[in-house]
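Below: the structure, in structure tokens.
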Amino acid sequence: MSASQTPPKPRGRQFFANPGPTNIPDSVLLATAHHTVDFNDPAFAEVYWACIAGLKRVLKTGQEVFLYTGSGHAAWEASLVNLLSPGDVILILESGHFSQSWGRMAKDLGLEVRTVAADWRRGVEIADLQAALAADREHAIKAVGVVHNETSTGMMIPLPEVRAALDATGHPALLLADTISSLGSLDFRMDEWGVDAAVGGSQKGLMLPTGLSFTGVSRKALKAHETARLPKHYFNWGAMMQRPLKSFLGTVPTSFFFGLQESLRLMEQEEGLDNVLARHTRLARAVRAAVQHWSGNNGPQLFCTNPARMSDSVTAVLMPEGHDADALRRVAMQRFNLSLGGGLGPLGGRLFRIGHLGDLNEPMILGTLATVELAIKVGGVPHQPGGVDAALASLAA
Ligand SMILES: *Cc1c(COP(=O)(O)O)cnc(C)c1O
């Protein structure tokens, strides 16, 4: 193709409707662009400890937090190597691509992985979890791993029900929860729900660049850490506790904390955490209303078929048989400069995902839905036109 035939580059900022990374508010971007400071300087320590206190409020915990320079995968790894020993059994609740990936990591680290199998569209039966725990009379299972919000399928797993299954069986396993795409967008309460390790990352609900991750850690987990024998170095909580900032064995990524300070201010002071969650619920309903409308005429439909578990931070949309989700995403990206999430793992090409978490408002949601409907139309995908009107009705209600 000669240069003259290359399609023109779309104008405007790339419209970003991915479930992670997410849009970064301008004030957070500006705060992140901070000149270098000495991370041992008391002036920085003040910013740092204010961020830690804020992070604990968002996690709803009065216990410990450890942080890592690395994406969510780093905190996943930290939660395993600090709590478990070679050959230990971890029971993973199957939810989709992310539960599988966390399980693969556990296996690679030398753990024995058991799974509570689940239909990815309906989600795990808590009764199956309870049965697996009850059957484990010797308490071989040392940890239960659950992805609070399965970003690949748009499904939320109710953590209080998971906690209740552990309590009902009197099972002492640690509860590990991946909150990477739920923290700051869905209700999460680490202490109240008895979560022992809460895995979080910067680039989703917290509206920051990618590269900072952390774990909220319970006192019970700290106790388990003392005897956990999986090899670790950078992630070693014990070593971190010896450092002045009680985290980070190496250089502290200071810019993140100037950004985090601002994103916490936006969430807690400017909007209020409860309002942040309510906004996610409101926008998610509008997205689902549009998709449910499109599903007429054998159009694209909601992947999650369990109304109680539909995620308020991401919606996965299943394409009609014979239509490629990635072709639709290419139309959206190349013609309209709209980035949508794709299907992960076995769902590649079968679905696309609309992220509705983080720094997002009605015009952005409507822009995304209108552009998706446009891409569906020009892509020749069957659907019932008028999904955007359904979203408008939902938002106006
Ligand atoms: C994004 C995500 C991850 C992976 O995090 P990275 O930052 O990409 O390493 C893990 N779990 C869930 C639920 C996610 O949404």
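Both counts, for ligands and for their atoms, begin at 1 and track the order of listing.
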Counting N and O atoms only, with roles assigned by atom type, does the side chain of Arg353 sit under 3.5 Å from a partner on the main chain of Thr315, one being a donor and the other an acceptor? no

Between Phe352 and Ala325 the two heavy atoms that sit nearest each other are N-CB, 3.9 Å

At less than 4.0 angstrom from any atom of ligand 1, which residues have a non-hydrogen atom? List them by chain and residue number. Ser71, Gly72, His73, Trp76, Phe98, Val147, Asn149, Thr151, Asp178, Ile180, Ser181, Gln203, Lys204

Would you please indicate yes or no on a ring centroid separation below 6.0 angstrom for Phe214 and Tyr68? no

So which of Ser182, Ser311, Ser181 actually passes side-chain hydrogen bond (donor to acceptor under 3.5 Å, both in side chains) with Thr151? Ser181

How close do Val47 and Phe257 get, heavy atom to heavy atom, and via which atoms? CG1-O, 4.0 Å

Could you check whether atom CZ of Arg285 has more than 12 heavy atoms from other residues, nucleotides or ligands sitting under 6.0 Å from it? no

